[in-house]
Number of protein chains: 2
Amino acid sequence: MTRTSRIEPTSAEMIADGLSRAIHEHRLGPGAKLGEDEIGTIYGVSRTVVRAALQTLSHQRLVTIRRNRGAFVASPSPREAREVFEARALLEPRTAQSAAERAEPQDIDQLRAHIMAEHAAIEAGDNGRALHLSGRFHIDLARIADQTIVAGFVEELVARSSLVIALYWRRQSALCERHAHHALIEAVAAGQGARAAELMHSHLVDLHSALDLREHSVPPATLRDILT
Amino acid sequence: MTRTSRIEPTSAEMIADGLSRAIHEHRLGPGAKLGEDEIGTIYGVSRTVVRAALQTLSHQRLVTIRRNRGAFVASPSPREAREVFEARALLEPRTAQSAAERAEPQDIDQLRAHIMAEHAAIEAGDNGRALHLSGRFHIDLARIADQTIVAGFVEELVARSSLVIALYWRRQSALCERHAHHALIEAVAAGQGARAAELMHSHLVDLHSALDLREHSVPPATLRDILT
DNA sequence: GGGCATCACATCGTATACAATCTATACGCT
DNA sequence: AGCGTATAGATTGTATACGATGTGATGCCC
């Protein structure tokens with residue numbers, strides 16, 4: 001969610017947001033074609049605006065644009081997948097630590113609300129939404145840490161993680177997350193920076209180890225795309 | 001330098017690159033207006049393409065786009081400036097360490113070549129180019145570390161650092177850089193990861209402390225912009 | 001003379017039109 | 001039949017046109 005202006009979100013931003021959410025919630029999978037005319041018709045705008053939105057998503061690495069061929073939902077290679085989690089393991093323990101050191105009571109409330117919504121989504125069987133909220137938790141943590149720039153990086157990495165999970169997730173257990181996030185909140189609420197960092201690190205390692213990074217388990221939409 | 005395709009760089013990419021270099025080399029200062037028509041005339045393309053280029057730069061945070069007002073070279077606030085160097089201090093020691101652990105002889109040669117070119121630029125009094133090369137040094141180090149994603153972040157941060165330096169640089173001494181980069185190469189060449197990380201950290205702290213982050217020392221190009 | 005409304009101009013935002021490129025089907029050849 | 005080529009359709013890349021929104025100046029009123 002790249003929020004450039006606070007009020008009146010540009011139409012291009014709205015479209016980018018819509019597509020972004022669809023990708024996050026796995027309604028659009030890696031490799032899906034994003035035709036300009038098609039999207040334009042759906043949102044009732046011209047291709048000009050759609051192109052701007054697709055370019056935005058392309059810069060966030062959520063979408064791959066291939067010259068004269070169009071835009072597709074990105075499908076990260078195993079290598080990219082590994083790097084995404086390496087980068088997160090580098091950044092997020094620090095944001096968790098800073099968050100623990102600076103968190104105000106209202107921040108804690110916000111985080112707890114997040115977790116509750118996440119649990120609700122899981123109960124309701126809405127896995128897409130649960131995943132989305134789970135990501136937001138990490139982003140909000142970075143925001144609380146009061147490090148805008150790093151928070152931006154984390155946001156991008158979380159988005160890409162969603163694609164990685166869509167491609168390489170091994171088991172369906174989102175349960176481990178519950179405990180991890182809960183323990184994190186406790187540490188943050190208690191102002192235990194070092195512990196928060198440690199918990200975040202092991203949480204990310206857990207996530208990483210739940211991936212099966214052997215060759216594409218699910219080959220992208222069309223076989224042709226791989227060979228092209 | 002966002003190199004999406006290896007051959008045939010898109011016209012939009014060429015324009016973005018051109019503007020990017022101009023900004024890096026301080027030929028375009030923070031606050032400078034980037035009119036679409038003006039740029040389009042210069043490069044001989046329509047506004048459509050220019051807009052795509054400006055959007056790219058905007059996503060890299062090198063340019064700020066204000067709705068219905070146009071694009072301007074970004075002028076980072078003191079807070080942003082601080083965060084840029086904080087983020088670098090978080091990322092780059094690690095890339096330096098990895099680089100030291102993985103560097104091949106050819107990588108060392110490349111780094112040395114960079115330094116020599118940098119010195120040459122300084123001797124020639126071409127400060128803009130020297131600054132640009134100095135930035136490339138950090139980016140190449142991240143590349144050698146074989147961490148594409150983190151390297152991308154570093155690239156963005158280096159670019160933004162260039163703006164920060166344009167706004168907040170206190171003394172004109174680029175001499176300290178010489179020693180710092182030289183020492184870094186030695187550590188990398190010797191495979192001393194821990195030492196490389198340490199050197200990188202203190203190098204960045206040095207850079208940061210050479211800034212004067214009290215209010216905008218140099219008000220942006222047009223006075224009105226501040227008041228708006 | 002200072003402040004405010006109004007108007008002309010410049011610039012941006014979006015839609016549309018045309019050209020370039022790619023995809024896919026159909027045809028002819030070996 | 002298999003394979004390569006040609007042609008038609010679809011999709012993207014770029015340019016142009018028009019409407020919307022700011023910018024700056026002029027002129028009026030106080």
Side-chain angles (χ1 to χ4, degrees), chain A residues 2-19 28 31-59 62-74 220-228, chain B residues 2-19 28 31-59 62-74 220-228:
Chain A
T2 311
R3 182 160 299 155
T4 326
S5 63
R6 195 138 284 99
I7 56 178
E8 58 168 341
T10 297
S11 36
E13 281 169 359
M14 282 188 52
I15 293 175
D17 257 31
L19 292 173
L28 280 173
K33 173 87 195 274
L34 302 173
E36 297 179 355
D37 243 330
E38 191 181 351
I39 298 173
T41 305
I42 293 173
Y43 286 94
V45 296
S46 82
R47 283 176 46 220
T48 309
V49 181
V50 175
R51 279 178 76 83
L54 289 175
Q55 216 189 323
T56 297
L57 295 174
S58 153
H59 287 130
L62 242 69
V63 156
T64 303
I65 292 178
R66 282 149 70 182
R67 189 179 171 80
N68 284 323
R69 301 211 187 145
F72 305 81
V73 176
T222 63
L223 293 173
R224 312 177 48 94
D225 293 335
I226 321 177
L227 312 172
T228 316
Chain B
T2 311
R3 182 161 298 153
T4 324
S5 62
R6 195 137 287 96
I7 56 179
E8 59 166 342
T10 297
S11 37
E13 282 169 358
M14 282 188 53
I15 293 175
D17 258 31
L19 292 173
L28 280 172
K33 174 85 194 277
L34 303 173
E36 298 180 354
D37 248 328
E38 189 181 353
I39 299 173
T41 306
I42 293 173
Y43 285 94
V45 295
S46 82
R47 283 176 46 219
T48 310
V49 180
V50 175
R51 278 177 76 82
L54 290 175
Q55 216 190 319
T56 297
L57 295 174
S58 153
H59 287 131
L62 242 70
V63 156
T64 303
I65 292 178
R66 282 148 68 180
R67 188 178 172 81
N68 284 324
R69 297 205 192 153
F72 304 80
V73 176
T222 60
L223 294 173
R224 310 181 48 94
D225 294 334
I226 321 176
L227 313 172
T228 317

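Just so it is clear, the model here is predicted, and its values are computed rather than measured. Letters A, B, ... are given to chains in the order of the sequence lines, protein chains preceding strands, and every chain is numbered from 1.
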Trainee: Could you state the interatomic distance from NE2 (H59(B)) to CG (L57(A)), rounded to the nearest 0.5 Å?
Mentor: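 Here the rounded value is 8.5 Å.
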
Trainee: Identify the heavy atoms of L34(B) and F72(B) that sit nearest to each other, and give their distance.
Mentor: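 Here L34(B) and F72(B) meet closest at CD1-C, 4.3 Å.
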
Trainee: Tell me, please, which residues at least two apart from T41(A) pass side chain to side chain donor-acceptor pair (under 3.5 Å).
Mentor: none

Trainee: State the CZ-CZ distance between R51(B) and R51(A), to the nearest 0.5 angstrom.
Mentor: 12.5 Å

Trainee: Could you pull out the protein-nucleic contacts involving nucleotides 7-9 of chain C (nitrogen or oxygen on both sides, under 3.5 Å)?
Mentor:
none

Trainee: Quick one: closest heavy-atom pair of A52(B) and A12(B), and the distance?
Mentor: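 Nearest heavy atoms, A52(B) then A12(B): CB-CB, 4.1 Å.
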
Trainee: Can you name the nearest heavy-atom pair linking L54(B) to I65(B), along with the distance?
Mentor: O-CD1, 4.0 Å

Trainee: How would nucleotides 12-20 of chain C be written as a contact map, 5' to 3', with B for base contact, S for sugar-phosphate-only contact and - for no contact, using protein heavy atoms under 4.0 Å?
Mentor: BBBBBB---

Trainee: Please give me the minimum heavy-atom distance between A71(A) and V63(A), naming the atom from each residue.
Mentor: CB-CG1, 3.8 Å

